[in-house]
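Following: one structure in structure tokens, then a few remarks.
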Number of protein chains: 4
Amino acid sequence: MRIEDKEGKYSIILDSAVKVFAEFGVENSTVSKIAAKAGVADGTIYLYFKNKKDILIKFADDRGEKIFRKFEEAVNSGKDSKEKLFNLIYSHIENFSKNKDLAVVYQCELSKIHGCQPKIRELSIRYRQMLKDIFLLGQSEGRVSKNVDLDFIKDLVSGSINEIINTYIVKENKNIDILEASGKLVDFIFKGLG
Amino acid sequence: MRIEDKEGKYSIILDSAVKVFAEFGVENSTVSKIAAKAGVADGTIYLYFKNKKDILIKFADDRGEKIFRKFEEAVNSGKDSKEKLFNLIYSHIENFSKNKDLAVVYQCELSKIHGCQPKIRELSIRYRQMLKDIFLLGQSEGRVSKNVDLDFIKDLVSGSINEIINTYIVKENKNIDILEASGKLVDFIFKGLG
Amino acid sequence: MRIEDKEGKYSIILDSAVKVFAEFGVENSTVSKIAAKAGVADGTIYLYFKNKKDILIKFADDRGEKIFRKFEEAVNSGKDSKEKLFNLIYSHIENFSKNKDLAVVYQCELSKIHGCQPKIRELSIRYRQMLKDIFLLGQSEGRVSKNVDLDFIKDLVSGSINEIINTYIVKENKNIDILEASGKLVDFIFKGLG
Amino acid sequence: MRIEDKEGKYSIILDSAVKVFAEFGVENSTVSKIAAKAGVADGTIYLYFKNKKDILIKFADDRGEKIFRKFEEAVNSGKDSKEKLFNLIYSHIENFSKNKDLAVVYQCELSKIHGCQPKIRELSIRYRQMLKDIFLLGQSEGRVSKNVDLDFIKDLVSGSINEIINTYIVKENKNIDILEASGKLVDFIFKGLG
DNA sequence: TATGAATGAGTATTCATTCAT
DNA sequence: AATGAATGAATACTCATTCAT
């Protein structure tokens, strides 16, 4: 059996777990359900994960890190602060729209699991630092007033984006015009910061 | 036994439950822990609540409604849209600051419990309608541009307020200057909507 | 409060218990249900009965004894063995028809309760002795063959009567022509014993 | 693990349950007691049975059906109505004598459990139909009078047999001369029907 | 590696019984 | 005598985890 098979089964279980978590909630998800969804025996789970909670921790670590890289790429590909913010928001909404199970687990389930909190907290801090950097750039571009408290503002913006995800993807499960939503949000923010 | 004693025991159990839920999370909270914290026998819980889930439902119904009344009073006591929004945000932060256990349970735990969702959803809708009404008033006052999509904006604002609660009360457990935070938030929002 | 009031409340509880036992079965009958049906507080039960099982024991003792007296009277009023048997069977079916709750509890519930068994066993023995005495009389009358094993036969007859009660009153809840049924049964038995 | 092992454990639990039910009564039998008697963990019970009641239902279905097959074979192997009835009664007493636990549970416990009643009722109906068929054959043979009400008589006979089981096996726990008892019973019945 | 039968600790809930009023 | 709120022991059932195969 090749190494990629191990990675493969590890991934299959992780993906299955997310689907199960999203459908039933973490607490109503049993190891058996995850194993069944992954097409492996219950015991096999324990060859790849220490225990049930470890699945969530690994999910937060792996999938969280992966999606965060995409956010960073999106930001890097923007030529100025406004485009960077737009790209970030667009990437965020798009990625979570494409994978609603992941969105549900991220927004609702993960934050409560004790072992997951370090990674979640780290990602949250990095996310907000990204926002702060964008707005610092905006200040140097003259787009953002030097009077605003960026530490405070980055939280507001982070909350706004979160709410969009929560409202349109997690709760309402609506199809959203990502381009339009991202545009409106960026306009609102930059106007507020001008 | 006086009437207030019965109400008293019901309240004592509810308060104890909130503390336990906040400390351990709903799923790691046992009926025994709640009973012990309330200083009653396990069986006594069932004289006042149908079952464990019912405690959360009653909590959402009773405490949620009570706190929402305060929000409405705060809004009503404002003379114009800006003051109304300020009062709402101030009241929101203040009330959740005073009772962090309640904040934790509201923000993190309640939304996932199925039986609670009707009330949570109702409160969420009423909250956002309050915001929309404030901004409609703002439009008639000439303070808010008629071009903005109020349904979209109210979500952003709701998300921003939520994030303040989450960041400063639930996660960081910081003491926050409520007056300053409310002021900054209102300024940012009205500037963005101008 | 007069003495008969005590007897009265004792009786009311006993009657209520039988109704509850018949409706729910002994094991699904709670002291609370019995108290509610009797219109007294739960605690009041314990002023008249030692505990829940004691209700059943007292029921077996009191009601069993009472109904058994009627059977004896019925037998005594018959002028010969055939009439005595007819009267017994008629009285048995009639009394259990009139009070189906009592029939249900007697036939189905009581025999399993450990504390009740002494009385139940005693009544069963007395019942079968009554039958044996009738058949002994029948032998002296020349109506019953001297060759039959009366100890065995009395059991058969007892079982037959039981089955009539079970089939027509407890299970099927049918209205039965008591006169006809008693007649047929007596005829069958005496023919078999001739 | 061989197939018979699975069947084996299922059977072991069922047998253990019957013993426990017979000793303590269904309501005083705990799942733990059954598991201990079977030499398995409590949880193992639930790998083979849906819940506690399901054990009784399966018992009624499996053991009831099995024993009933023996009754049918016994009847079929008789060459005329009298021999058929004799064989049935003999088989009935013999089988219940050999397994008194089963007899106790069948006669006393099973009839009250709601989920068991369909099977119990079915078996009871089939049993009495068997009796009726025997007596119909007896009529065609000229052994049984055409005047008797067979629907009534089959109940009497069923009750008589039941009483033999109850009296000698369940209650008195006596050793009984099966050959003699069956013979007497058949004689009595056919004489009564002549 | 992979399996899945077996385990048994953990928990919500019920209800007979008590006792202060 | 009567009440009924409070008690807490008892028990069915779940499910994460293990381990012999």
Side-chain angles (χ1 to χ4, degrees), chain A residues 1-2 5-6 9-10 13 27-36 38-55, chain B residues 1-2 5-6 9-10 13 27-36 38-55, chain C residues 1-2 5-6 9-10 13 27-36 38-55, chain D residues 1-2 5-6 9-10 13 27-36 38-55:
Chain A
M1 186 168 282
R2 291 158 301 159
D5 280 346
K6 187 178 149 70
K9 194 157 283 190
Y10 174 89
I13 293 172
E27 287 303 330
N28 293 314
S29 298
T30 63
V31 172
S32 283
K33 275 180 189 164
I34 295 169
V40 300
D42 292 14
T44 305
I45 301 281
Y46 291 86
L47 299 174
Y48 296 90
F49 300 91
K50 267 210 304 286
N51 51 39
K52 189 185 168 187
K53 192 192 268 185
D54 189 44
I55 303 177
Chain B
M1 181 171 282
R2 289 160 303 159
D5 279 346
K6 192 181 146 65
K9 192 155 284 188
Y10 174 88
I13 294 172
E27 289 302 331
N28 294 315
S29 300
T30 64
V31 172
S32 286
K33 275 181 190 164
I34 296 170
V40 300
D42 292 16
T44 305
I45 301 283
Y46 293 87
L47 297 177
Y48 296 90
F49 300 91
K50 272 208 300 287
N51 49 41
K52 191 184 165 186
K53 191 193 268 185
D54 188 45
I55 303 177
Chain C
M1 186 167 282
R2 291 158 302 159
D5 279 347
K6 188 178 149 69
K9 194 157 283 189
Y10 174 90
I13 294 172
E27 287 303 329
N28 294 315
S29 298
T30 63
V31 172
S32 282
K33 275 180 189 163
I34 296 169
V40 300
D42 293 14
T44 304
I45 302 280
Y46 292 85
L47 298 174
Y48 296 91
F49 300 90
K50 267 210 303 287
N51 49 42
K52 189 185 167 186
K53 192 192 268 185
D54 188 44
I55 303 177
Chain D
M1 180 171 283
R2 290 159 303 159
D5 279 346
K6 191 181 145 65
K9 192 155 286 190
Y10 173 88
I13 294 172
E27 289 301 333
N28 293 314
S29 300
T30 64
V31 172
S32 286
K33 276 180 189 164
I34 296 170
V40 299
D42 292 15
T44 304
I45 302 283
Y46 294 87
L47 297 177
Y48 297 89
F49 301 91
K50 272 208 299 287
N51 49 42
K52 191 184 164 186
K53 191 192 268 185
D54 188 44
I55 302 177

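A, B, ... follow the sequence lines: proteins, then strands. Residue 1 opens every chain.
For Y46(B) and dT7(F), the shortest distance from a side-chain N or O to OP1 or OP2 is not below 4.0 Å. Within the structure, a side-chain polar atom (N or O) of T44(C) is placed less than 4.0 Å from OP1 or OP2 of dT3(F). For K9(C) and dA2(F), the shortest distance from a side-chain N or O to OP1 or OP2 is below 4.0 Å.
Atom-to-atom, CD1 of I45(B) to P of dT11(E) comes out at 15 Å; the value is rounded to the nearest Å. Between the CD1 atom of I34(D) and the P atom of dA12(F) there is a distance of 8 Å, rounded to whole Å. A straight line from CD1 of I13(A) to C1' of dT1(E) spans 12 Å, rounded to a whole angstrom. Rounded to whole Å, atom P of dC15(E) lies 15 Å from atom CD1 of I55(C). Here the P atom of nucleotide dT11(F) and the NZ atom of K53(D) are 19 Å apart, to the nearest Å. Here the P atom of nucleotide dT18(E) and the CZ atom of F49(C) are 16 Å apart, to the nearest Å.
Scored by the side chain to side chain contact (heavy atoms under 4.5 Å, CB included) test, K52(A) finds V31(A) as partners (sequence neighbours excluded). Evaluation of the ring pair (Phe, Tyr, Trp, His ring centres under 6.0 Å) rule for Y46(C) yields no partner, not counting sequence neighbours. K53(D) pairs by the side chain to side chain contact (heavy atoms under 4.5 Å, CB included) definition with N51(D), I57(D), I113(D), H114(D), not counting sequence neighbours. Among residues two or more places apart in sequence or in another chain, the side chain to side chain contact (heavy atoms under 4.5 Å, CB included) test is passed with A35(B) by V40(B), D42(B), I45(B). In this view, D54(B) and K58(B) satisfy the side-chain hydrogen bond (donor to acceptor under 3.5 Å, both in side chains) rule, not counting sequence neighbours.
If you check dT1(E), dA2(F), dT7(F) against the side chain of L47(A), the one that comes closest is dT1(E). For V31(B), taking side-chain heavy atoms from C-beta onward, the closest of the listed nucleotides dA16(E), dC13(F), dT13(E) is dT13(E). In the set dT7(E), dC13(F), dC15(E), the nucleotide with an atom closest to the side chain of D42(D) is dC13(F). Of the candidates dA12(F), dT3(E), dT7(F), the closest approach to any side-chain atom of K52(D) belongs to dA12(F). With dT7(F), dT1(E), dA6(E) as the choices, the nucleotide that has an atom nearest any side-chain atom of Y48(A) turns out to be dT1(E).
Two residues, S32(A) and V40(B), neighbour DNA chain F, and the one matched to the more 5' nucleotide by heavy-atom proximity is V40(B). Place G39(D) and N51(B) on DNA chain E by their nearest nucleotides, and G39(D) ends up nearer the 5' end. Nearest-nucleotide positions on DNA chain E for N28(C) and A41(A) put A41(A) closer to the 5' end. Map K33(D) and E27(A) each onto its nearest nucleotide of DNA chain F; the residue landing nearer the 5' end is K33(D).
The distance from atom CD1 of I13(D) to atom CG of L47(D), rounded to the nearest 0.5 Å, is 8.0 Å.
Where the helix from dA2(E)-dT21(F) to dT21(E)-dA2(F) starts and where it ends, the local axes point in directions that differ by 10°; five pairs per end, rounded to 10°.
With a 4.5 Å cut-off on side-chain heavy atoms, T44(C) and K9(C) count as touching.
Classification of the Y10(D)-Y48(D) ring pair by plane angle, with boundaries at 30° and 60°, yields tilted.
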